[in-house]
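What follows is a set of notes on a single structure, which appears directly below.
In what follows, every heavy atom counts, from backbone to side chain, and hydrogens, waters and symmetry copies are set aside.
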Amino acid sequence: MSRMYQALLTEGILTKREKTLLLVGLFAARREEKQMLYFVKQAVEAGNTVAEVAELIASAIISRGIPTWLSGVEAISYAKQLSGDIQIVEEGGEVATFSSQQECIDYYQEEFDVLPKWIQYLVDYAPDVLLKYSNLRMTSLRDDVVSRLLKELLLYAINVCEAYEKGILIHKANALSLGGSAAVLEEVKALCIYAVGIQVIWNDEQDKA
């Protein structure tokens with residue numbers, strides 16, 4: 001095991017268990033299956049369950065679409081194989097859903113303080129998509145076997161790796177509002193360096209000259 005790899009998974013504010021799970025989700029979202037499967041083994045050995053692997057990957061669908069899930073199926077299958085497929089997945093609690101456009105608008109105003117332009121345009125031009133997307137988002141990002149904070153950190157990592165500033169700002173703010181810290185975000189960026197290289201240091205706006 002290289003020194004770089006040892007340093008990458010050193011226990012910090014985020015545990016090795018959390019870091020390996022984030023790397024599985026990150027490589028699933030990037031559709032880099034060889035790397036994803038490598039970290040599935042590390043994630044299971046660190047104590048992550050099949051349900052946690054599946055739920056974290058599913059949360060990335062709202063950001064990078066169904067191809068994330070299609071890659072993630074391989075991660076879930078491998079996690080099942082490694083764990084002996086003996087885990088019992090408990091049925092989750094009732095999931096809140098939106099039934100009207102106004103409920104969606106109220107949700108985003110609470111989330112972002114003001115209604116974002118990208119949501120306003122869904123209201124104006126694609127109200128059916130607004131309702132369906134909002135229900136998907138609510139379901140994907142709820143606290144369940146994986147915390148919403150860890151899901152937001154995954155979405156932050158995905159956007160940092162792709163240098164997508166708008167996504168970085170949204171999920172960085174969400175993570176901080178959920179109790180994350182600047183130090184946690186730095187640990188996530190270290191995982192991104194492992195994934196795509198040193199350039200990610202400058203992808204988050206706070207580090208730009």
Side-chain angles (χ1 to χ4, degrees), residues 12-15 17-30 52-66 68-69 72 92-93 95-98 102-123 129-193 195-196 200-208:
I13 301 173
L14 294 173
T15 65
R17 187 170 183 265
E18 291 170 325
K19 289 179 178 180
T20 52
L21 186 59
L22 283 171
L23 283 163
V24 171
L26 179 58
F27 284 119
R30 294 179 58 79
E52 288 168 329
V53 170
E55 187 173 307
L56 189 69
I57 292 170
S59 70
I61 292 174
I62 67 165
S63 179
R64 292 301 178 268
I66 203 66
T68 293
W69 185 252
V95 179
T97 57
F98 301 111
Q102 188 59 50
E103 287 177 354
C104 296
I105 292 171
D106 292 343
Y107 166 72
Y108 290 110
Q109 286 179 326
E110 182 177 347
E111 283 278 295
F112 299 106
D113 295 327
V114 296
L115 194 67
K117 182 185 289 186
W118 59 278
I119 292 298
Q120 184 62 61
Y121 281 8
L122 285 176
V123 173
V129 174
L130 169 71
L131 188 60
K132 292 177 174 62
Y133 171 79
S134 299
N135 281 319
L136 175 63
R137 190 178 194 278
M138 171 71 81
T139 302
S140 299
L141 293 185
R142 74 189 190 280
D143 281 304
D144 199 359
V145 295
V146 177
S147 69
R148 179 174 176 186
L149 174 58
L150 204 65
K151 294 172 182 179
E152 292 288 358
L153 291 176
L154 172 61
L155 295 171
Y156 170 74
I158 291 168
N159 285 282
V160 166
C161 285
E162 298 191 7
Y164 184 57
E165 187 172 332
K166 292 179 181 178
I168 290 171
L169 292 175
I170 289 172
H171 297 293
K172 178 180 179 178
N174 288 347
L176 292 172
S177 72
L178 290 165
S181 65
V184 168
L185 296 177
E186 286 300 309
E187 289 192 358
V188 173
K189 285 174 69 176
L191 302 181
C192 296
I193 292 172
V196 299
V200 302
I201 290 177
W202 298 281
N203 288 351
D204 187 342
E205 187 177 81
Q206 70 179 9
D207 294 316
K208 293 180 180 178

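From Thr15, atom OG1 reaches atom CG of Leu150 across 8.5 Å, with rounding to the nearest 0.5 Å. A distance of 5.5 Å separates CG of Asn174 from CZ of Phe112, quoted to the nearest 0.5 Å. Note: Ile105 CD1 to Ile119 CD1 = 9.5 Å, rounded to the nearest 0.5 Å. Taken to the nearest 0.5 Å, the CG atom of Leu169 stands 10.0 Å off from the NZ atom of Lys166. In this structure, the separation between OH on Tyr107 and CZ on Arg137 is 4.0 Å, given to the nearest 0.5 Å. Annotation: the span from Leu149 atom CG to Asp143 atom CG amounts to 8.5 Å, rounded to 0.5 Å.
The backbone N or O of Leu191 sits nowhere less than 3.5 Å from a side-chain atom of Lys19 that would complete a donor-acceptor pair. For Lys151 (side chain) and Arg142 (main-chain N/O), a donor-acceptor pair under 3.5 Å exists by modelled atom type. Under a 3.5 Å cut-off, the side chain of Asn135 and the backbone N or O of Thr97 do not form any donor-acceptor pair. At least one donor-acceptor pair closer than 3.5 Å links the side chain of Ser59 to the backbone N or O of Leu56.
Between Glu152 and Leu141, the closest side-chain pair of non-hydrogen atoms falls below 4.5 Å. Counting heavy atoms from C-beta outward, Ser181 and Ile13 have side chains that approach closer than 4.5 Å. Here the side chains of Ile170 and Asn159 are not in contact, with every heavy-atom distance at 4.5 Å or above. Residues Glu52 and Asp144 are not in side-chain contact: their nearest non-hydrogen atoms beyond the backbone lie 4.5 Å or more apart. Inter-residue side-chain proximity for Leu130 and Phe98 is flagged as unmet; no heavy-atom pair is nearer than 4.5 Å.
Between Tyr133 and Tyr108, the two ring planes are parallel [angle under 30°; tilted spans 30° to 60°].
Here the closest heavy-atom approach between residue Leu154 and residue Gly25 is recorded as CD1-C, 3.5 Å.
With sequence neighbours excluded, the residues forming a side-chain contact (heavy atoms from CB on, under 4.5 Å) with Tyr121 are Lys117, Asp124, Tyr125, listed by chain and number. Partners of Glu103 under the salt bridge (charged side-chain N to carboxylate O under 4.0 Å, His left out) rule, at least two apart in sequence or in another chain, do not exist in this structure. Residues passing the salt bridge (charged side-chain N to carboxylate O under 4.0 Å, His left out) test with Glu187, sequence neighbours excluded: none.
Shown here is Glu110, whose CD atom has no more than 12 heavy atoms of other residues, nucleotides or ligands within 6.0 Å.
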